[in-house]
Peer 1: 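Okay, here's the structure, questions in a sec.
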Amino acid sequence: MRQFVLVLTYVSSDEVQELVNRHLAGSGLLILPNVIISWLPRQDLERRLMGGIKEELIDIMERV
């Protein structure tokens, strides 16, 4: 049986939401700007998010 992951994001900044969407592009079906259904394993999604955007998020937060 195939498993799917529902990814819900809530951010207070459009810039951060665009960053998350960019790193999750191609990993599932974007239903809304902050809702994705993915067929990738959870670990792969976490790696994409945490590994890919960590430095960029720090930069964004330091500018605020």
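Note: hydrogens, waters and symmetry copies are ignored here, and every other heavy atom, side chains too, is used.
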Peer 1: To the nearest 0.5 angstrom, please state how far the CG atom of N21 sits from the CG atom of N34.
Peer 2: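 Going from the CG atom of N21 to the CG atom of N34 covers 8.0 Å.
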
Peer 1: Quick one: do L32 and L8 end up in the same hydrophobic cluster if we chain Ile, Leu, Val, Met, Phe, Trp and Tyr together by side-chain heavy atoms under 4.5 Å apart?
Peer 2: yes

Peer 1: Measure the spacing between CG of L24 and CG of L30 and express it to the nearest 0.5 Å.
Peer 2: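 CG of L30 is found 9.0 Å from CG of L24.
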
Peer 1: State yes or no: do F4 and L6 share one hydrophobic cluster built from I, L, V, M, F, W and Y residues joined by side-chain heavy-atom distances below 4.5 Å, directly or via other members?
Peer 2: yes

Peer 1: Using a 4.5 Å cut-off on heavy atoms from C-beta on, say whether the side chain of L45 contacts that of V7.
Peer 2: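 Side-chain contact under 4.5 Å: yes.
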
Peer 1: Could you tabulate the donor-acceptor pairs under 3.5 Å formed by side-chain atoms of residues 48-60, not counting sequence neighbours?
Peer 2:
residue	atom	partner	partner atom	Å
R48	NH1	A25	O	3.4
E56	OE1	R22	NH2	2.9
E56	OE2	H23	NE2	3.3

Peer 1: For L40 and V5, what are the C-alpha separation, side-chain angles and deciding distance, and is it a side chain to side chain contact (heavy atoms under 4.5 Å, CB included)?
Peer 2: CA-CA 7 Å; L40 295 177; V5 177; over 6 Å; no

